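Please read these numbers as outputs of a predicted model, since none were measured by experiment.
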Amino acid sequence: QVQLVESGGGLVQAGGSLRLSCAASGRTFSMYSMGWFRQAPGKEREFVATISWSGGSTAYADSVKGRFTISRDNAKNTVYLLMNSLKPEDTAVYCCAASQTGQISEETRKYVYWGQGTKVAVSS
């Protein structure tokens with residue numbers, strides 16, 4: 001079992017930056033690939049970024065490519081999402097998730113553990 005707790009959300013002006021963290025419990029964190037997803041008010045959950053168990057592979061949604069960076073520190077059981085050049089359309093609740101496949105994936109069905117999320121609001 002893996003428990004995930006996100007932090008780092010908040011209110012920021014357009015063009016600003018935030019770094020989200022997702023702390024995981026459990027000794028097997030390094031075996032899981034991780035993903036970040038977001039859900040804006042009135043919209044469906046969407047994929048943001050994913051990273052493999054080793055950190056050697058990453059993938060991003062087109063809407064955040066070049067602005068967001070996903071990374072992980074297996075020694076600290078933590079995955080990060082650095083968000084630069086934020087836009088009002090990035091406003092959402094951001095959740096991290098863990099996949100037992102160990103490989104990158106954009107599909108929510110591949111993820112078995114989910115955090116509660118952290119809110120990000122970007123003002124124009």
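For residues 52-88, there are no ring-ring contact (aromatic ring centres under 6.0 Å, His included) pairs, not counting sequence neighbours.
Shown here for A14 and P88, the closest heavy-atom pair between the two residues is CB-CD, 4.1 Å. Taking every heavy atom of both residues into account, C95 and G117 meet most closely at SG-CA, 3.6 Å.
Both V64 and V122 sit in one connected hydrophobic cluster of ILVMFWY residues. Membership requires side-chain heavy atoms under 4.5 Å apart, directly or through other members. Placement of Y94 and L82 in two distinct hydrophobic clusters is found when ILVMFWY residues are connected by side-chain heavy-atom separations under 4.5 Å, directly or transitively. Under the 4.5 Å side-chain heavy-atom criterion for ILVMFWY residues, a single connected hydrophobic cluster contains both F29 and V112. With hydrophobic clusters built from ILVMFWY side chains whose heavy atoms lie under 4.5 angstrom apart, I51 does not share a cluster with F37.
Between Q100 atom CD and T28 atom OG1 the span is 8.5 Å, to the nearest 0.5 Å. Atom NZ of residue K43 and atom OG1 of residue T91 lie 10.0 Å apart, to the nearest 0.5 angstrom. Distance OG/S123 to CD/Q13: 5.0 Å, rounded to 0.5 Å. Separating the CE atom in M31 from the CG atom in N74 is a distance of 11.5 Å, to the nearest 0.5 Å.
Of the N and O atoms on the side chains of T50 and Y111, at least one donor lies less than 3.5 Å from an acceptor on the other residue. Inspection of the T78 and D73 side chains reveals no N or O donor paired with an N or O acceptor under 3.5 Å.
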- Go through the steps for F47 and W36 under the test ring pair (Phe, Tyr, Trp, His ring centres under 6.0 Å), then give the verdict. CA-CA 7 Å; F47 164 76; W36 283 98; over 10 Å; no
- Task: Carefully, step by step, assess E46 and Q39 under the rule side chain to side chain contact (heavy atoms under 4.5 Å, CB included).
- Result: CA-CA 6 Å; E46 66 173 354; Q39 187 166 17; over 6 Å; no
- Task: Test M34 against L4 for side chain to side chain contact (heavy atoms under 4.5 Å, CB included), laying out the working first.
- Result: CA-CA 11 Å; M34 301 295 294; L4 304 173; 4.0 Å; yes
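Every residue meeting the disulfide bond (SG atoms under 2.5 Å apart) condition with C22, not counting sequence neighbours, appears here in chain and number order: C96.
Counting heavy-atom neighbours within 6.0 Å of E89 CD, excluding the residue itself, gives a total above 12. Counting heavy atoms of neighbouring residues, nucleotides and ligands inside a 6.0 Å radius, atom CD of E107 exceeds 12 of them.
Using a 4.5 Å heavy-atom cutoff, the side chains of L81 and V48 are in contact. Q3 is not listed as a side-chain neighbour of W114, based on a closest heavy-atom distance of 4.5 Å or more. Residues T101 and Y32 form no side-chain contact, since every pair of their non-hydrogen atoms from C-beta on lies 4.5 Å or further apart. With contacts defined as side-chain heavy-atom distances shorter than 4.5 Å, the pair R67/D90 qualifies. S7 places a side-chain heavy atom less than 4.5 Å from the side chain of S21.
A donor-acceptor distance shorter than 3.5 angstrom exists from the side chain of T118 to the backbone of G9, with no hydrogens or angles considered. Under the 3.5 Å distance criterion, the side-chain polar atoms of R38 are left unmatched by any main-chain donor or acceptor of V93. Side-chain N or O atoms of R72 include one that pairs as donor or acceptor with a backbone N or O of S52 at under 3.5 Å. The backbone N or O of L20 sits nowhere less than 3.5 Å from a side-chain atom of E6 that would complete a donor-acceptor pair. At distances below 3.5 Å, not a single donor-acceptor pair connects side-chain atoms of S57 with backbone N or O atoms of I104.
Ion pairing of D62 with K65 is present here, as a side-chain N (NZ or NE/NH1/NH2) and a carboxylate O approach within less than 4.0 Å.
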